[in-house]
Amino acid sequence: MQSFPTAEGTRRGGRRNGRSSPDGPVWVGVDLGTANVVLTVVDADGRPRAIRSRAAQVVRDGLVVDFIGAADLVRELKAEAEAELGLPLTAAASGYPPGVPEAEVRAVANVLAAAGLECVCLIDEPTAANLVLKIEHGALIDVGGGTTGVALVQDGKVVNTADEATGGTHFTLVIAGALGVSYEEAETLKLDPARQPDLLPLVRPVMEKVATILARHLSNRAVPVIHLVGGASAFYSMDKVIEETLGIPVHAAPQPLLVTPLGLALAHRTTAEPAQARGWVR
């Protein structure tokens, strides 16, 4: 069975890569999410150089269900970023929800390969998010379109992860059922900040379920603070509902949809040698 390098595996001698621009090397992350596919590019200092995103339904509960569609989307995002930066992108890191079977993790790498990107690093999504947030002690919740990932962080390292099938898609289904509208109409309503306060009573039970998931996985553990990321966590009062339910302070990350994708690009930078070492600097 073919295996692909994790962050740890790459540090121990897995395939390394990087791309260069006139200002130095750049590094790429690709996040195949349930609701969005996001490609990010950072420079040698970890600063974003390009961000491209598309709403998509090519992944469900962390599993690639439309391989061709996913590869086509990544190829489009890659081409847009290349046009903006003026250089080719041929390698990237990607991620997966905790607990996804190895075969599905391989599928992520195969999607990138089909889009013209060598997958040089695969890490779990909470670990990627913490490369951005740099949490020392606490819990990190990644509420995506289809799943909620939970990670316990101690001394700056993710020491325990879990993932369950609850996320933004469930918000949409609840709204559609309650209002008698199509899934597409409900999705549009969900993403409209002006409508979210009125929709909060409908989706609050889903938010409370997210809190219950966290409580179950962090039982008997002292958690000083919870950090909230993922696109679904941007919904109005999500942080307040979880804080009220658990009685633990909750910090919502700014631009929560981009935290994990940027973390994946940082994982590429961390685990791959600089472009100069491979002779790619112009």
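To the nearest 0.5 angstrom, Leu89 atom CG is 11.0 Å from Leu77 atom CG. Here Thr34 contributes atom OG1 and Gln57 contributes atom CD; the two are 9.5 Å apart, rounded to the nearest 0.5 Å. Atom CG of residue Leu122 and atom CD of residue Glu102 lie 10.5 Å apart, to the nearest 0.5 angstrom.
The hydrophobic cluster containing Ile141 does not contain Leu262, counting ILVMFWY residues as joined when their side-chain heavy atoms lie under 4.5 angstrom apart, directly or transitively. Using a 4.5 Å cut-off between side-chain heavy atoms of Ile, Leu, Val, Met, Phe, Trp and Tyr, with links allowed through other members, Val241 and Leu140 fall into different hydrophobic clusters.
In this structure, the side chain of Thr127 does not engage the main chain of Ile123 through any donor-acceptor pair within 3.5 Å. At distances below 3.5 Å, at least one donor-acceptor pair connects side-chain atoms of Asp192 with backbone N or O atoms of Ala194. Here the side chain of Thr147 pairs no donor or acceptor atom with the backbone of Val143 at under 3.5 angstrom. Here the side chain of Gln196 pairs a donor or acceptor atom with the backbone of Tyr236 at under 3.5 angstrom. The backbone N or O of Val108 lies less than 3.5 Å from no partner atom in the side chain of Ser94, so there is not a single donor-acceptor pair. In terms of modelled atom types and a separation under 3.5 Å, the side chain of Glu104 and the main chain of Leu63 share no donor-acceptor contact. Asp43 contributes a side-chain N or O that, together with a main-chain N or O of Asp45, makes up a donor-acceptor pair within less than 3.5 Å. Between the side chain of Thr40 and the backbone N or O of Pro261, at least one donor-acceptor pair lies under 3.5 Å. Side-chain atoms of His217 never come within 3.5 Å of backbone atoms of Leu152 as a donor-acceptor pair (strictly under, hydrogens ignored). Side chain of Thr148 to main chain of Gly144: no donor-acceptor pair is present (N/O by atom type, distance under 3.5 Å, no hydrogens or angles).
Within the structure, every pair that satisfies the salt bridge (Lys or Arg N to Asp or Glu O under 4.0 Å) test and touches residues 210-220, not counting sequence neighbours, is listed here: Glu164-Arg216. Among residue pairs with one or both ends in residues 81-95, those qualifying as salt bridge (Lys or Arg N to Asp or Glu O under 4.0 Å) are Arg52-Glu84, Lys78-Glu82; sequence neighbours excluded. Sorted by first and then second residue, the pairs that involve residues 66-75 and meet salt bridge (Lys or Arg N to Asp or Glu O under 4.0 Å), not counting sequence neighbours, are Asp72-Arg75. Sorted by first and then second residue, the pairs that involve residues 238-259 and meet ring-ring contact (aromatic ring centres under 6.0 Å, His included), not counting sequence neighbours, are His227-His251. Among pairs with a residue in residues 91-101, none fulfils salt bridge (Lys or Arg N to Asp or Glu O under 4.0 Å), at least two apart in sequence or across chains.
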Output a table of donor-acceptor pairs, distance under 3.5 Å, between side-chain atoms of residues 199-207 and any protein atom two or more places apart or on a different chain; print 'none' if there are none.
unit_1	atom_1	unit_2	atom_2	d
Arg204	NE	Glu208	OE2	3.0
Arg204	NH2	Glu244	OE1	2.9

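Annotation: Glu80, atom CD; neighbour count of heavy atoms from other residues, nucleotides and ligands within 6.0 Å is above 12.
A salt bridge links Lys190 with Glu187: at least one charged nitrogen is closer than 4.0 Å to a carboxylate oxygen.
Heavy atoms only, all atoms of each residue included: Leu117 and Ala91 are closest at CD2-N, 3.6 Å. Closest approach of Val74 to Val30, counting heavy atoms only: CG2-CG1, 4.0 Å.
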List the steps and the verdict of side-chain hydrogen bond (donor to acceptor under 3.5 Å, both in side chains) for Ser182 and Glu185. CA-CA 5 Å; Ser182 69; Glu185 290 175 293; 3.1 Å; yes
